[in-house]
Amino acid sequence: MNLDLLLSNLLNPPVLFFFLGMVAVFVGSDLDVPQPLPKFFSLYLLLSIGFKGGVELNHSGIGAQILWTMGGAIFMALLVPLYAFWILRRKLDVPNAAAIAATYGSVSAVTFIAATSFLSELDIPYGGHMVAAMALMESPAIIVGVALSRLGAGAQEGEKAHFDTKELLRDAFFNGSVLVLIGSLIIGLLTGEEGKKALNPFVSDIFKGMLCLFLLDMGLVSARRLNGLKKLGTFPIGFSMALPLFNAVLGLLVANWLGLGKGDALLFCVLSASASYIAVPAAMRLAIPKANPGIYVTMALALTFPFNVLLGLPIYLSIINRFWS
Amino acid sequence: MNLDLLLSNLLNPPVLFFFLGMVAVFVGSDLDVPQPLPKFFSLYLLLSIGFKGGVELNHSGIGAQILWTMGGAIFMALLVPLYAFWILRRKLDVPNAAAIAATYGSVSAVTFIAATSFLSELDIPYGGHMVAAMALMESPAIIVGVALSRLGAGAQEGEKAHFDTKELLRDAFFNGSVLVLIGSLIIGLLTGEEGKKALNPFVSDIFKGMLCLFLLDMGLVSARRLNGLKKLGTFPIGFSMALPLFNAVLGLLVANWLGLGKGDALLFCVLSASASYIAVPAAMRLAIPKANPGIYVTMALALTFPFNVLLGLPIYLSIINRFWS
Amino acid sequence: MNLDLLLSNLLNPPVLFFFLGMVAVFVGSDLDVPQPLPKFFSLYLLLSIGFKGGVELNHSGIGAQILWTMGGAIFMALLVPLYAFWILRRKLDVPNAAAIAATYGSVSAVTFIAATSFLSELDIPYGGHMVAAMALMESPAIIVGVALSRLGAGAQEGEKAHFDTKELLRDAFFNGSVLVLIGSLIIGLLTGEEGKKALNPFVSDIFKGMLCLFLLDMGLVSARRLNGLKKLGTFPIGFSMALPLFNAVLGLLVANWLGLGKGDALLFCVLSASASYIAVPAAMRLAIPKANPGIYVTMALALTFPFNVLLGLPIYLSIINRFWS
Amino acid sequence: MQNVKKLEIITDTLEMKEVCAVLEAQGVSGYSIVRDVVGKGERGWQSGDELTDVFKNSYLLTTCDASEVERLIEAVRPILKKRGGICLVSDAQWVIH
Amino acid sequence: MQNVKKLEIITDTLEMKEVCAVLEAQGVSGYSIVRDVVGKGERGWQSGDELTDVFKNSYLLTTCDASEVERLIEAVRPILKKRGGICLVSDAQWVIH
Amino acid sequence: MQNVKKLEIITDTLEMKEVCAVLEAQGVSGYSIVRDVVGKGERGWQSGDELTDVFKNSYLLTTCDASEVERLIEAVRPILKKRGGICLVSDAQWVIH
Ligand SMILES: Nc1ncnc2c1ncn2[C@@H]1O[C@H](COP(=O)(O)O)[C@@H](O)[C@H]1O
Ligand SMILES: Nc1ncnc2c1ncn2[C@@H]1O[C@H](COP(=O)(O)O)[C@@H](O)[C@H]1O
Ligand SMILES: Nc1ncnc2c1ncn2[C@@H]1O[C@H](COP(=O)(O)O)[C@@H](O)[C@H]1O
Ligand code: NA
Ligand code: NA
Ligand code: NA
């Protein structure tokens with residue numbers, strides 16, 4: 001893999017602030033980004049990325065190619081948890097296997113955003129519709145994961161199932177992050193150039209800075225989670241590095257088959273490789289109480305996220321560079 | 001009324017984010033803008049609008065016309081609660097009638113801000129002194145409202161009256177929002193062009209974006225309040241739409257008599273039509289404990305605010321367009 | 001001293017918002033900037049000032065002159081607490097004398113920032129390495145202060161000493177503010193012009209505005225602290241004005257001897273004159289529990305900070321103007 | 001003053017909505033909740049510092065008549081079983097106003 | 001350890017300032033307050049999610065000697081009457097340090 | 001339900017880490033903390049409105065067997081001595097789940 005890519009990824013401010021956060025935990029600093037500041041940053045990032053995507057969609061229009069990409073995104077979101085579950089069952093019980101599968105079927109918005117800023121730094125263009133693809137990939141995995149746990153567990157929870165379902169669908173499709181993302185996307189789509197003029201300084205100019213603040217906190221949070229690793233054992237640890245890689249490759253195959261450009265291909269690949277640590281855990285906590293969040297959150301947050309942001313991006317892009325003409 | 005105006009109002013980002021917030025509540029999403037973020041947004045908005053108004057005042061200088069406008073503003077703030085109380089007494093007891101009257105005598109800063117962004121979108125100019133007018137309209141209604149409740153209720157609360165008064169005047173004239181608004185106005189007035197150069201990126205460029213975040217929260221909060229409507233009954237509901245319209249028309253008459261330009265006239269009208277859901281409720285809660293905030297906050301927040309922001313603005317402006325040459 | 005300087009300092013927005021905060025407390029307003037907003041503002045300010053300093057350092061490179069300045073900064077940070085302690089012992093017991101000495105040996109980032117914005121207003125250049133100097137001056141005083149209290153107090157706390165030391169060094173060198181400051185500095189140093197392009201709108205354009213918000217809160221906090229003054233008695237009050245002046249003069253002598261330019265000299269002088277009210281109090285609270293934070297925080301926050309920001313800056317600069325050719 | 005039983009429940013923030021629903025179904029008319037509570041228990045450290053509320057607890061305080069205690073506890077127990085957390089019962093006197 | 005009475009008062013955040021004033025007037029030397037408490041009672045749901053503190057409660061905890069309880073309660077009752085909320089009294093032991 | 005002792009400790013937020021350490025050293029398996037508590041005591045008003053946590057308290061709640069109380073108290077007392085704050089002990093019943 002290309003070393004320049006690795007460096008140009010590691011040496012941009014957001015990633016370095018992520019490091020700073022991790023360092024703060026390792027040296028035992030009292031540095032802290034208290035709630036609700038992280039919620040503010042993620043709200044801002046979702047709103048901005050969604051709005052900008054909508055505006056670009058307003059320019060590009062929605063063609064067949066874009067619809068195919070959406071289809072491919074949903075396909076990945078449904079497929080990944082299935083084989084992830086199948087693998088995980090070798091070592092873990094049904095609830096945990098299902099919860100982890102859902103986590104990896106869904107996506108991490110920040111990983112996606114890190115990828116976009118990585119691309120814009122290398123002046124590689126990408127389409128606003130990829131944001132829509134991300135939004136579409138958040139929810140399905142939740143449904144699949146819960147379905148898997150139900151099937152696996154048999155009907156013992158049957159009686160509560162109905163109520164759950166209603167709750168579940170809501171958590172899956174109307175949870176905060178999905179709603180802000182899609183809502184902002186639609187608003188961008190509706191207001192187009194007009195809206196962009198009004199909001200650009202907010203959603204674009206200060207974007208990188210807000211991303212730095214958020215990644216600083218991500219560094220703190222994921223480094224704190226690392227302490228939970230010992231309890232995990234080697235399988236989950238290996239899994240949380242290997243699966244993203246596998247998902248990424250699969251994602252690239254699909255992207256290539258869909259004929260996506262370099263930029264869109266990287267984003268598609270990153271969406272497949274990333275794991276959710278916000279929307280999905282909250283849903284799993286309620287839907288699969290028997291699953292231990294100490295496992296699925298730690299894997300997604302302390303291992304997969306840093307792996308994707310630090311090593312994944314350059315690796316995936318160098319693969320693309322090799323196989324895309 | 002003019003449909004283009006309605007659309008150009010509904011189709012700008014801040015209003016759309018207000019919708020998004022309401023939708024989030026209707027679909028039962030867990031989307032939330034936890035405190036103190038809303039306090040941060042409103043602090044920012046008050047500071048920015050105040051400062052910018054001060055700077056413009058520094059340019060325009062303070063002439064007779066402006067002083068007359070101030071007088072008219074205070075006049076409206078004193079008049080509205082009087083006849084509102086008189087109407088409300090037909091159906092409600094003294095404390096609630098007084099509290100609601102005060103609420104409608106005062107103003108809603110965000111409605112005012114929405115109006116300014118509506119105007120700037122239509123390239124209709126307006127004067128910075130209107131911010132001062134808003135600041136002047138916040139407090140008087142509180143005093144009137146409490147006076148009305150005292151008179152109506154007789155002397156039974158007499159013994160505590162004195163202490164109350166001191167507290168009350170402070171809450172009326174030195175509450176957070178009034179102080180930040182007037183303070184920033186004065187600071188803008190003092191620092192003028194110099195200050196503007198220093199703060200413009202903060203108070204102007206990212207302003208629309210912060211307004212979107214705040215209105216997103218306003219959408220959440222007012223939609224949640226809507227559940228309280230059933231208990232209200234038809235009278236308050238009708239009242240919270242009819243009174244703003246009446247106040248708006250009265251405000252327009254005064255504005256016309258004062259010879260205000262289109263922009264200033266709309267703002268003057270919106271100030272008369274809007275109701276307070278921040279400063280006044282907090283004051284009423286302490287000064288008129290017998291009044292039920294579930295009534296006066298719900299009316300101002302869940303009905304009058306959306307009515308003004310969504311329908312009121314275009315309606316009022318189309319009236320102005322008809323009668324202003 | 002030069003009156004124009006005084007006015008041009010008092011009449012810039014950040015200082016005026018500091019006044020506004022104090023006024024709010026004096027008139028008994030309910031204005032409040034609830035946590036964690038102040039933490040957000042200070043996090044932003046430290047990140048921005050650190051990053052910008054790093055970028056400038058990346059341009060200027062690190063020469064002998066700069067290293068000498070760093071040395072001088074550490075020298076001041078070690079010297080000040082020593083004679084401060086010696087003076088304070090005349091009137092106060094060991095723990096309080098030691099804690100206050102540490103407070104004045106360390107620095108106030110916001111005072112430093114106010115100084116930089118004062119300079120940029122007067123178009124007086126200064127070096128990015130001064131931020132590094134500030135970072136270096138935060139910690140040493142903490143160590144000195146604790147050492148002094150240990151020596152003074154004798155070995156009675158001996159048994160806990162060891163554990164304390166470990167904790168202490170961490171609090172001194174890895175506390176949140178130091179870490180963010182140095183971390184951002186290094187990130188700016190590493191990313192240089194590239195990084196600046198990406199973050200400038202965030203760390204520069206909206207900087208003054210965020211400073212205003214933070215100083216608004218500083219005004220509230222320090223005015224509230226003023227109530228604690230009566231209990232202090234005259235000595236600490238006089239001390240918290242006299243010592244900064246003395247430290248400033250000493251700082252100017254060192255700065256002159258080091259051959260610093262006007263801008264750097266003012267910053268060096270302000271660093272010597274300022275007292276810490278964030279990092280040091282937190283450390284002292286744990287390391288010298290017998291010391292009363294009601295004394296050392298009040299002195300630094302309610303007296304020394306306003307003194308430096310309002311009067312100190314123009315005074316120090318007019319001295320420089322006289323003696324620097 | 002009237003003798004009452006004081007119920008204190010600490011469990012997942014995400015689960016509090018259900019706890020309230022269950023209590024209201026049992027006719028509880030009033031309760032108070034402190035939303036941000038961190039803590040430690042069998043399921044380890046609930047630091048509350050995540051981006052989700054997954055690792056955060058809430059504290060609920062309510063009162064009831066001595067005769068109702070059993071019923072309320074039985075109603076809440078399944079949640080605590082499923083989710084973890086604690087429920088404490090103690091004596092108190094309610095100031096009638 | 002010394003036997004004391006534990007007073008717990010939950011009422012409007014806006015009213016807490018007055019509660020403290022009243023308690024201090026009665027010679028109470030120490031108390032603790034949790035500012036953000038949501039809850040439900042006769043006056044309905046206090047969600048704490050408004051822009052004002054109008055719909056938010058606070059929780060106050062203080063201790064006093066058994067002999068003082070009556071006096072303190074009588075001092076606080078008018079506020080609770082006017083404003084709503086609850087006041088619980090229970091037994092506890094104070095660890096002298 | 002099982003009879004337990006309820007321990008409530010209020011002291012400096014900065015000191016809570018040590019309190020937890022001490023309690024865990026004594027074998028306490030579970031506790032809950034409310035981080036933001038303001039209050040008043042001998043050392044004056046802890047307003048919690050500073051930039052540091054120097055003037056902020058936290059509230060810790062834990063339970064233990066009657067037989068352990070003394071041991072825990074003795075372990076915590078030195079901290080309260082040094083730092084101030086309060087520790088209350090009361091009776092409660094633990095709902096086993
Ligand atoms: N003995 C205890 N005292 C106070 N709080 C407790 C206790 N045990 C558990 N908790 C609280 O209940 C939460 C969940 O407990 P657990 O289900 O045992 O992990 C913990 O995070 C604590 O906040
Ligand atoms: N039985 C109760 N247990 C605990 N908290 C209560 C209870 N009743 C009322 N409260 C609290 O007191 C506040 C005001 O009560 P009320 O005046 O009855 O609406 C409610 O919002 C709750 O936070
Ligand atoms: N009698 C009391 N009741 C409740 N809380 C108290 C009491 N005394 C002190 N506190 C709390 O303990 C903290 C420290 O107390 P002190 O060390 O006496 O200043 C205070 O800020 C209060 O939060
Ligand atoms: Na994925
Ligand atoms: Na009005
Ligand atoms: Na200093």
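Below, chains carry the letters A, B, ... as their sequence lines are ordered, and counting in each starts from 1.
In F:Glu42, the CD atom is not crowded: 12 or fewer heavy atoms of neighbouring residues, nucleotides or ligands sit closer than 6.0 Å.
There is no contact between F:Asp36 and chain C, counting heavy-atom distances below 4.5 Å. C:Val33 does not touch chain F: none of its heavy atoms, backbone or side chain, sits under 4.5 Å away. Residue C:Phe214 touches chain F through its side chain alone, counting heavy-atom pairs closer than 4.5 Å. Contact annotation for C:Met218: only side-chain heavy atoms (C-beta onward) come within less than 4.5 Å of a heavy atom of chain F.
C:Glu167 has its side chain out of reach of F:Glu18: every pair of non-hydrogen atoms, C-beta onward, lies at least 4.5 Å apart. The closest side-chain heavy-atom distance from C:Arg225 to F:Phe55 is below 4.5 Å. Residues C:Leu286 and F:Arg83 have side chains in contact (heavy-atom distance under 4.5 Å, counting atoms from C-beta outward).
We find the CD-NZ distance between C:Gln35 and F:Lys56 to be 7.0 Å, quoted to the nearest 0.5 Å. Annotation: the span from F:Thr13 atom OG1 to C:Arg285 atom CZ amounts to 10.5 Å, rounded to 0.5 Å.
The minimum heavy-atom distance between C:Pro293 and F:Val54, with the atom names listed, is CB-CG1, 3.6 Å.
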